[in-house]
Amino acid sequence: MSQTPSEVWKNCLSFLKDNIQSQAYKTWFEPIIPVKLNDNVLSIQVPSKFFYEWLEEHYVKILRLALTKELGPQAKLVYIIKMENTFGNKMPFTEKIPSSSSSSIKSQSIDSPFSSFASELKNPFVIPGIRNLQIESQLNPNYTFENFLEGDSNRLARSAGIAVSNKPGGTSFNPLLIYGGVGLGKTHLAHAIGVDVKQKYPDKTILYISAEKFTQQYVDSVKKNTRNDFIHFYQLIDNLIVDDVQFLSGKSGTQDVFFHIFNHLHQNGRQVILTSDKAPIDMQDIEQRLLSRFKWGLSAELQNPNYETRLSILKNKLYRDGVEIQDEIVEYVAKNINSNVRELEGAIISLIAQSSFNNAEINIELAKDVINKFVKNNRREVSIDYIQKVVSDYFQMDIQTLQSKTRKRHIVQARQIAMYFAKKFTKASLASIGTQIGRRDHATVLHACKTVDNLSFTDKQFRKYVEDLNQKLSN
Ligand code: ADP
Ligand code: MG
């Protein structure tokens, strides 16, 4: 006499219903569809990855209990996540919950995102006395889509931004995470989305905030004992834009509060837009549960613009500023400044400044002069982060693998090569290199440098790796 999945699930539900709050039951259990039952394995379909993670985080114990009651101690649960993710490739996939009962579940109370708002809200932007909460968006109206020029380097991020601003909260790009190096337009694009939403949906509350300021506000609120007001305030926002979330690294209190705010907003269909100088996979000292949230929506990279894009950005800027410069000179600048857009703009501004100080015409000689100085002063030091990224990309592994404790030969070699280049290309001490590359000590780094030297002599294949990487890193 075999049971059907629906019967089993129905019994589980009645047990769950008795044991959790009805609001939570409705939200988290009613939408679940039982799909399959094979021996003692029940497969249930959940609407999203978010759902799955939430269940895992908050209800795994009680779920296991309910299931064990129904199917015995060998009971297992399989989640089928209906993914309607990026670009509509509807790929259902399955994930099993950890079958051992040791799955760590934090036992702290569930800070329910459904708790009703406190009736009095304090705005951390401080407009005392205003009852009818008005939130200044903190947006910069000069950063728009129109003046964010499109190119191969930013097409994905820019179009995702436009999609989001047309239907905030209504696309699968939630959160939208825009990442890329300095000066590539993250802040500009983030504002542009906000500015556009504001225009299209005047009733929505939008807030732009840097992660740094968010952190300050949070710390203040803890000092003043207004942490709840802080949270409630942020939970009111329809479109929250947080710039430079890498700033939250290592700040666990702020991460925790952000996690709750994020969940609340996401759960209620509000839009979250984030920027970061790194891809989620490369972010360090950010809690796993928060990182996994960052990955739910779309991570879109801003890359270095190519020559054509640089040229059109420059021309557009000059045009808007009403400055005329010969094409030849603009082309020269676009060709020679290829690091990022901020430097590109900086170079052209210093060119214009030079010419007006000296009362000289902007000619190609002046341009060469200015640009040469500019490039020299701005030659970037390669960072250890960057070295790890280049090395791990080269060996097709991710940075976590590179840093891991494993003794697998090819991973050890990649790590040693990263250390070797960190020594060669940065001014960092052996100890600091060790800390940054997987928390090793200085002796390990020293040993790595010697090993790489030796192997480059004796092993031809190895030498090739080192040469390739040397070239990549010297560009
Ligand atoms: P990030 O936040 O990534 O460091 P910003 O958004 O501050 O970079 O951009 C640096 C400068 O470059 C800003 O003045 C911005 O307007 C400009 N900029 C970046 N990308 C573009 C683009 N595609 N078109 C026009 N201006 C751009
Ligand atoms: Mg920025």
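Nothing here was measured: the structure is a model prediction, and the numbers come from that model.
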- Task: Could you please spell out the steps behind the side-chain contact (heavy atoms from CB on, under 4.5 Å) verdict for E361 and Q326?
- Result: CA-CA 11 Å; E361 200 195 331; Q326 290 162 38; 4.0 Å; yes
Counting only N and O atoms by type, is there a donor-acceptor contact under 3.5 Å from the side chain of [X] to the main-chain atoms of [Y]?
X: K186; Y: G180; value: yes
X: S392; Y: D398; value: no
X: T275; Y: Y179; value: no
X: R310; Y: I337; value: yes
X: H232; Y: N228; value: yes
X: N147; Y: N142; value: yes
X: Q255; Y: E287; value: yes
X: T171; Y: V164; value: no
X: N268; Y: R270; value: no
X: N154; Y: G151; value: yes

Do the rings of [X] and [Y] sit parallel, tilted or perpendicular, given the 30° and 60° boundaries?
X: F425; Y: F421; value: parallel
X: F29; Y: Y59; value: perpendicular
X: Y465; Y: F395; value: perpendicular
X: F258; Y: F214; value: perpendicular

- Any Lys/Arg nitrogen of R439 or D285 sitting under 4.0 Å from an Asp/Glu carboxylate oxygen of the other? yes
- Query: Are D256 and R289 ion-paired here, with the side-chain N under 4.0 Å from a carboxylate O?
  - Reply: yes
Decide yes or no for [X] and [Y]: does some side-chain heavy atom of the first lie under 4.5 Å from some side-chain heavy atom of the second?
X: I437; Y: R415; answer: yes
X: N263; Y: R293; answer: yes
X: K204; Y: Q271; answer: no
X: Y25; Y: L13; answer: yes
X: E301; Y: L156; answer: no
X: Q284; Y: K278; answer: no
X: L139; Y: I241; answer: yes
X: S276; Y: F294; answer: no

Could you check whether atom [atom1] of [X] has more than 12 heavy atoms from other residues, nucleotides or ligands sitting under 6.0 Å from it?
X: E30; atom1: CD; result: yes
X: K17; atom1: NZ; result: no
X: K200; atom1: NZ; result: yes
X: Q199; atom1: CD; result: no

Which pair of non-hydrogen atoms, one from [X] and one from [Y], has the smallest distance, and what is that distance?
X: A211; Y: D244; value: CB-O, 3.2 Å
X: I329; Y: A367; value: CG2-CB, 3.8 Å
X: L265; Y: Y234; value: CD2-O, 3.6 Å
X: V391; Y: A418; value: CG2-CA, 4.1 Å
X: A160; Y: L176; value: CB-CD1, 3.9 Å
X: P141; Y: T144; value: O-CG2, 3.4 Å

- Step-by-step side-chain contact (heavy atoms from CB on, under 4.5 Å) determination, I352 to I325: CA-CA 9 Å; I352 295 169; I325 300 183; 4.2 Å; yes
About how many Å separate [atom2] of [Y] and [atom1] of [X], when rounded to the nearest 0.5 Å?
X: Y208; Y: Y143; atom1: OH; atom2: OH; answer: 8.5 Å
X: D220; Y: T215; atom1: CG; atom2: OG1; answer: 11.0 Å
X: N336; Y: I371; atom1: CG; atom2: CD1; answer: 7.0 Å
X: D393; Y: L402; atom1: CG; atom2: CG; answer: 10.5 Å
X: T426; Y: D385; atom1: OG1; atom2: CG; answer: 11.0 Å
X: I387; Y: Q436; atom1: CD1; atom2: CD; answer: 9.5 Å

- Message: Please determine whether side-chain hydrogen bond (donor to acceptor under 3.5 Å, both in side chains) holds for the pair D243 and H191, giving the CA-CA distance in whole Å, both sets of side-chain angles, and the decisive distance to 0.1 Å.
- Response: CA-CA 9 Å; D243 203 359; H191 277 280; 5.5 Å; no
- Message: Cation-pi check for F148 against R158: NZ or CZ below 6.0 Å from the six-membered ring centre and within 45 degrees of the axis, yes or no?
- Response: no
- Determine, for Y319 and K315, whether the Lys NZ or Arg CZ falls below 6.0 Å from the six-membered ring centre while staying within 45 degrees of the axis. no
- Intermediate values then yes/no, side-chain contact (heavy atoms from CB on, under 4.5 Å), Y201 and I206: CA-CA 10 Å; Y201 302 90; I206 305 168; over 6 Å; no
- Query: Can I231 and V257 be said to form a side-chain contact (heavy atoms from CB on, under 4.5 Å), step by step?
  - Reply: CA-CA 7 Å; I231 296 176; V257 82; 3.4 Å; yes
- Item | Between N304 and S153, a side-chain donor and acceptor under 3.5 Å | no
